[in-house]
Amino acid sequence: TVVRLKGGDPFLFGRGGEEALDLVRAKVAYEVVPGVSSAIAVPAYAGIPVTHRGRSSSVAMVTGHEDPAKPSSAVRWDELATACDTLVCLMGVSTLAAIAAQLIRHGRTSTTPCAVIEWGTTPRQRTVTGTLRTIAARARQASVRPPAVLVVGKVVSLRHRLQWFEARPLFGRRILVTRASDKAASFAERLEALGAEVVQLPAIELVPVKQNGFFRDVVKEIRKPDWVFFTSPEGIGWLSRMLRPHRKDVRWLSGCHIGAIGPKTALAIEELGLHVDFVPKRFSQEGILAGLPRRLLRGKRALILSAEESRDVLQAGLRARGAHVRTVPIYRTVVPSALREGAGELARGRFDFVTVTSASCVEHLVQALRAAGQGRRIRRLRFASIGPVTSQAVRAHGGRVAVEAKASTVEGLIDAMRRAG
């Protein structure tokens, strides 16, 4: 089974008919799956309907790739100029001035609205408007380059009211997503829905901790902890993995009070049928300490399940409040190989925001840049930080925090970038 994948529609300036004839001659069975042509999709993304009641009831699509001034042009500009209300020219950037001249020469008014749309339907989309008399000069002044689509007709005047894609809050922003690969895709999709161009370069990879007996001792103790704290959404999944060799599952937490560092962590726990007793107002270790009354901690046994490199703020704070604390790492973060390989792109690329969702993300980015001999690049990046702790890590390495989420969640981070524009 062979797929010949083409952009737009294969039968509109895509030579699909020629390829189909070859298949017929070769007696090869085939089917055609129609696509959406850029002649329709690109104007739509620029807020220009190719037909519209009272303005356009006909549309023609023509190639602009050939020189309309040559004596034997295959395009009948004399007939085409006034035959249709809307004219869409594909691949006509280099011949824009000649096309406009031919249309005016054959009866189209020089004040007819026009638009040239570059890189349509992508975050790089740019739209230049004018009239048949001015569009070539305006496109040249704006340095419009292929691929671009020319739209000629009264419908272009609707753009100022109907443009929607370029009005998205993050349109044109180039954003680097550094979340772990299993979480990067959903984050990227949400940013792309807001108009951003997203590059994914995960800076975090989670791997098991080396077995050291600490976890086994905790599981086998007769007396369970009074409180179990999770400092990330991943914690409950890693706990489940580590319990299996001991022939146990998350029911081991039955009878324990559970504290989660934030709503995403709480949701991950509750999806397994467990009740979370405490989520702080500020989603950080400091927030947990500020929100839990001392009377609930004094004399209690507390277990913190976290990453191996996790800060010890919660552990020290619980002990200061009279709790008996044990911290057991259940996973660790490492620098992904893709980050080492992509450090050059990070150093060279232009990004409006580099998102960081943990201090570990920051540390790994810095390590990768230094390994690539680009350590100074950290000062030029515009970081979008998920919260104060992550921002502190950025500044510790001389980086600049362009925006910081008010709520330490992905939603808060997206909102911060939207507000920054």
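All residue numbers in this chain count up from 1 along the given sequence.
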If you draw a 6.0 Å radius around [atom1] in [X], do more than 12 non-hydrogen atoms from other residues or ligands fall strictly inside?
X	atom1	answer
Arg380	CZ	no
Arg105	CZ	no
Arg379	CZ	no
Leu5	CG	no

Tell me if a side-chain donor or acceptor on [X] pairs with a main-chain N or O of [Y] at a distance below 3.5 Å.
X	Y	value
Ser57	Arg53	no
Arg138	Thr129	yes
Gln125	Thr121	yes
Arg319	Val325	yes
Arg108	Ala81	yes

(request) Walk me through it: do Thr390 and Ser385 pass the test side chain to side chain donor-acceptor pair (under 3.5 Å)? (result) CA-CA 6 Å; Thr390 304; Ser385 166; 4.5 Å; no
Any [X] side-chain heavy atom under 4.5 Å of [Y] side chain:
X	Y	result
Pro263	Phe283	yes
Leu346	Leu176	yes
Thr355	Arg179	no
Met242	Val209	yes

Looking at [Y] and [X], is there a salt bridge between them, counting it only when a charged N and a carboxylate O are closer than 4.0 Å?
X	Y	value
Glu309	Arg332	no
Glu411	Arg190	yes
Arg418	Asp415	no
Glu286	Arg311	yes

(request) Enumerate the residue pairs fulfilling salt bridge (charged side-chain N to carboxylate O under 4.0 Å, His left out) with a member in residues 27-48, sequence neighbours excluded, ordered by first and then second residue. (result) none
(request) Return each pair, listed once, that meets salt bridge (charged side-chain N to carboxylate O under 4.0 Å, His left out) where at least one residue sits in residues 141-169; pairs must be two or more places apart or across chains. (result) Arg159-Glu166
(request) Take the angle between the ring planes of Trp252 and Phe215 and call it parallel below 30°, perpendicular above 60°, tilted in between. (result) tilted
(message) Quiz question: by atom type and distance under 3.5 Å, do the side chains of Thr86 and Arg55 form a donor-acceptor pair?
(response) no
